[in-house]
J.: 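What follows is a single structure, and I will ask about it in a moment.
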Protein chains: 2
Amino acid sequence: MTEPAEISSLTLNRLSLYLRCLRQLQDAGTTHVSSGQFAQHFELSASLMRKDLAHFGEFGIRGTGYRVDDLAARLTTLLGLDRIHNLAVVGMGSLGSALARYLSFNDKPFRIVAAFDVDGRKVGHKIGHLVIHHSRDIPEVIPQTEAQIAVLSVPASAAQQCYEDLTVSGIEAVLNFAPTQLKQHPAVRTKSVDFQINLEELAYFLSS
Amino acid sequence: MTEPAEISSLTLNRLSLYLRCLRQLQDAGTTHVSSGQFAQHFELSASLMRKDLAHFGEFGIRGTGYRVDDLAARLTTLLGLDRIHNLAVVGMGSLGSALARYLSFNDKPFRIVAAFDVDGRKVGHKIGHLVIHHSRDIPEVIPQTEAQIAVLSVPASAAQQCYEDLTVSGIEAVLNFAPTQLKQHPAVRTKSVDFQINLEELAYFLSS
DNA sequence: CTGCGCTTGTGACATCGTGCACAAGTCGGT
DNA sequence: ACCGACTTGTGCACGATGTCACAAGCGCAG
Ligand SMILES: NC(=O)c1ccc[n+]([C@@H]2O[C@H](COP(=O)([O-])OP(=O)(O)OC[C@H]3O[C@@H](n4cnc5c(N)ncnc54)[C@H](O)[C@@H]3O)[C@@H](O)[C@H]2O)c1
Ligand SMILES: NC(=O)c1ccc[n+]([C@@H]2O[C@H](COP(=O)([O-])OP(=O)(O)OC[C@H]3O[C@@H](n4cnc5c(N)ncnc54)[C@H](O)[C@@H]3O)[C@@H](O)[C@H]2O)c1
């Protein structure tokens with residue numbers, strides 16, 4: 001099988017995870033690994049890993065396993081992480097700032113090219129070497145900077161409006177952190193990371 | 001059906017979502033809603049919502065729909081959000097501080113009772129009215145404060161060690177933000193919120 | 001009290017995701 | 001050159017998840 005069918009989110013997320021684990025192995029100096037060893041080490045499923053990889057071709061050597069460097073490299077290109085992706089952060093509050101700082105360190109495949117807020121005390125100031133624009137300039141700045149992915153870290157009440165401003169500005173994907181159910185635009189790939197819901201799930205299982 | 005079987009994460013997360021949407025309806029003054037209206041308004045599935053609720057009993061009135069207040073109240077107790085849950089935050093960097101601040105505002109069902117770090121410049125200082133302890137005191141402070149859920153926001157390299165310190169200290173659940181695959185303790189309910197993997201999923205689908 | 005329209009709760013069905021087991025294939029030793 | 005030990009890639013079966021369609025139930029009008 002090559003790559004005609006649409007890949008599921010679950011598979012894709014696991015591929016990212018595999019890559020991360022492979023990098024750990026690289027750091028440890030491991031050059032070869034079998035799916036069994038890999039799975040045991042990282043508490044994953046060996047057969048599932050093989051099946052995930054099978055969506056994209058053959059990566060291993062029967063009888064031997066996988067060459068760590070090789071698999072890592074192929075996963076990197078496969079996931080598009082060998083290219084640089086331009087990010088815009090909308091909402092430079094405590095979360096937005098943390099994200100911006102985090103991405104500045106970890107700048108391998110992602111690069112922040114624009115930041116937005118509405119707070120007069122923040123607009124015009126710099127975060128690192130990046131000036132914070134006013135949100136009303138989203139339609140102008142997004143195309144200029146060629147931002148492809150937007151990170152939404154504004155209050156829930158502003159999220160939908162910002163989302164729509166972003167979509168009409170030609171953004172290709174949005175990662176939303178606001179605890180709200182966005183009315184999605186079909187042409188923009190949208191995901192939400194919902195801290196609150198995850199916390200509530202844990203709370204459900206507590207004894208008292 | 002009442003509640004013998006284990007409820008799936010997916011269902012549980014949607015229940016949290018429904019509750020959040022119901023609160024929006026309450027704020028808007030809506031008193032009654034049918035699953036169809038609800039689903040259309042929030043871009044959800046009506047039949048799935050009914051099935052999710054069915055795990056826990058009957059909540060609606062046939063021919064009429066649901067009373068918003070009533071359903072919200074029942075979901076709140078059902079999810080355990082009428083009780084206060086004690087949180088500990090481990091790793092008071094930019095993300096940990098953002099989370100602490102966020103939870104201090106949004107303090108309805110969650111209350112931060114302890115904070116930890118190893119950085120000498122942070123330990124002993126206060127965040128709000130809460131003193132930051134040294135991580136080595138986790139085994140002492142967690143039981144004292146009766147923290148039930150820990151939020152892990154330390155660097156990936158420290159995550160496994162902190163996780164284990166927490167588990168032996170009697171924590172009941174952990175929400176991990178570090179980009180690493182934790183070796184899980186079976187008695188501790190553990191979830192990860194993985195910003196990086198979500199970002200990489202979006203990147204995969206970008207055109208260029 | 002009866003009938004009608006509406007909505008829930010639910011069983012049957014379709015789809016999707018995962019675990020299992022094994023044939024196909026590779027390598028190293030003899 | 002062949003064998004045996006090992007691992008991948010994969011077909012199959014099972015379980016989980018979501019959709020559909022409808023009987024059961026409720027309220028209101030007459
Ligand atoms: N730990 C956290 O802080 C955390 C965790 C999970 C989710 N969230 C969510 O992330 C979002 C941001 O959280 P936060 O803690 O950073 O809040 P915050 O109040 O610190 O920051 C919000 C920022 O958004 C800006 N803003 C408001 N309206 C805007 C608009 N229309 N356009 C651009 N910027 C605008 C504000 O000026 C502010 O700087 C919230 O929706 C919150 O629920 C936060
Ligand atoms: N936007 C973000 O900042 C962001 C987003 C997603 C995930 N994350 C992840 O969350 C974690 C924290 O991110 P951050 O940006 O806050 O990093 P940070 O460097 O700002 O903060 C990390 C904090 O953890 C403390 N620490 C280190 N070892 C510790 C230990 N053993 N016990 C207790 N505390 C310890 C450090 O002193 C520091 O204060 C990282 O794993 C990061 O990958 C961060």
Side-chain angles (χ1 to χ4, degrees), chain A residues 1-18 21-22 25 30-72 74-75 78 181 197 201, chain B residues 1-18 21-22 25 30-72 74-75 78 181 197 201:
Chain A
M1 248 170 261
T2 41
E3 45 183 312
E6 180 92 348
I7 295 301
S8 91
S9 255
L10 294 166
T11 295
L12 220 40
N13 290 351
R14 280 193 300 267
L15 291 175
S16 287
L17 190 59
Y18 301 151
C21 294
L22 287 168
L25 291 182
T30 310
T31 59
H32 293 259
V33 70
S34 74
S35 64
Q37 297 170 313
F38 190 87
Q40 188 158 18
H41 193 333
F42 296 106
E43 295 196 334
L44 299 166
S45 153
S47 57
L48 189 49
M49 177 197 186
R50 295 200 300 274
K51 185 150 287 194
D52 285 335
L53 295 176
H55 285 106
F56 295 92
E58 309 203 349
F59 294 82
I61 306 158
R62 300 187 183 206
T64 303
Y66 301 88
R67 293 225 334 265
V68 175
D69 287 343
D70 182 44
L71 184 54
R74 293 185 65 182
L75 283 181
L78 201 155
Q181 178 73 354
I197 283 184
E201 180 189 336
Chain B
M1 253 172 258
T2 41
E3 44 182 311
E6 180 91 347
I7 297 301
S8 92
S9 254
L10 294 165
T11 295
L12 221 40
N13 290 352
R14 280 192 299 269
L15 290 175
S16 287
L17 189 61
Y18 300 151
C21 294
L22 286 168
L25 291 182
T30 311
T31 59
H32 293 259
V33 70
S34 75
S35 63
Q37 297 171 311
F38 190 85
Q40 188 157 21
H41 194 332
F42 295 105
E43 295 196 334
L44 299 166
S45 153
S47 56
L48 188 49
M49 176 196 186
R50 295 201 300 274
K51 184 150 284 196
D52 286 334
L53 295 176
H55 285 107
F56 295 91
E58 309 204 347
F59 296 81
I61 305 158
R62 300 184 184 209
T64 304
Y66 301 87
R67 296 224 332 264
V68 175
D69 287 342
D70 183 42
L71 184 54
R74 293 186 63 183
L75 283 181
L78 200 154
Q181 178 73 356
I197 283 184
E201 181 188 336

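Chain letters run A, B, ... following the sequence lines, proteins first and then strands; every chain starts at 1. Everything numeric here is computed off the predicted structure, so don't read it as measured data.
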J.: Given side-chain contact (heavy atoms from CB on, under 4.5 Å), test Tyr18(B) with Leu44(B) step by step and report yes or no.
T.: CA-CA 9 Å; Tyr18(B) 300 151; Leu44(B) 299 166; 4.0 Å; yes
J.: Starting at CG of Leu71(B) and ending at C1' of dG9(C), how long is that distance when rounded to a whole Å?
T.: 14 Å
J.: Polar-atom pairs under 3.5 Å, protein N or O versus N or O of nucleotides 12-17 of chain D: list them with distances, or write none.
T.:
unit_1: dC12(D); atom_1: N4; unit_2: Lys51(A); atom_2: NZ; d: 3.2

J.: Can you tell me how far P of dC26(D) sits from CG of Asp70(B), to the nearest Å?
T.: 15 Å
J.: Residues two or more places apart in sequence or in another chain: which of them pass side-chain hydrogen bond (donor to acceptor under 3.5 Å, both in side chains) with Tyr66(B)?
T.: none
J.: Provide, to the nearest angstrom, the distance between the CZ atom belonging to Phe56(B) and the C1' atom belonging to dG9(C).
T.: 16 Å
J.: Taking only residues two or more places apart in sequence or in another chain, which ones pass ring-ring contact (aromatic ring centres under 6.0 Å, His included) with Phe42(B)?
T.: Phe38(B)
J.: Where along residues 38-50 of chain B does a heavy atom come under 4.0 Å from DNA chain C, residue by residue in number order?
T.: Arg50(B)
J.: Can Leu53(B) and Leu75(B) be said to form a side-chain contact (heavy atoms from CB on, under 4.5 Å), step by step?
T.: CA-CA 9 Å; Leu53(B) 295 176; Leu75(B) 283 181; 4.0 Å; yes
J.: Spell out, as yes or no, whether a donor-acceptor pair under 3.5 Å connects the side chain of Gln40(A) to the backbone of Gln37(A).
T.: no
J.: For Thr64(B), enumerate each residue passing the side-chain contact (heavy atoms from CB on, under 4.5 Å) test, keeping only those at least two apart in sequence or located in another chain.
T.: His32(B), Ile61(B)
J.: Can you check side-chain contact (heavy atoms from CB on, under 4.5 Å) on Asp52(B) and Leu10(B), steps first, answer last?
T.: CA-CA 9 Å; Asp52(B) 286 334; Leu10(B) 294 165; over 6 Å; no
J.: By nearest nucleotide on DNA chain C, pick out whichever of Asp52(A) and Val33(B) is the more 5' one.
T.: Val33(B)
J.: Among residues at least two apart in sequence or on other chains, which ones pass side-chain contact (heavy atoms from CB on, under 4.5 Å) with Ala72(B)?
T.: Leu19(B), Leu22(B), Gln26(B)
J.: Assess whether side-chain contact (heavy atoms from CB on, under 4.5 Å) is satisfied between Thr11(A) and His55(A), documenting all intermediate values.
T.: CA-CA 9 Å; Thr11(A) 295; His55(A) 285 106; 3.9 Å; yes
J.: Base, backbone or nothing for each nucleotide of nucleotides 24-30 of chain C, written B, S, -, heavy atoms under 4.0 angstrom, 5' to 3'?
T.: BBBS---
J.: Among residues at least two apart in sequence or on other chains, which ones pass side-chain contact (heavy atoms from CB on, under 4.5 Å) with Asn13(A)?
T.: Lys191(A), Ile197(B), Glu201(B)
J.: Please list, chain by chain and in numerical order, all residues satisfying side-chain contact (heavy atoms from CB on, under 4.5 Å) with Asp70(B), sequence neighbours excluded.
T.: Arg67(B), Arg74(B)
J.: Below 4.0 angstrom from OP1 or OP2 of dG9(C), is there any side-chain N or O of Tyr66(B)?
T.: yes
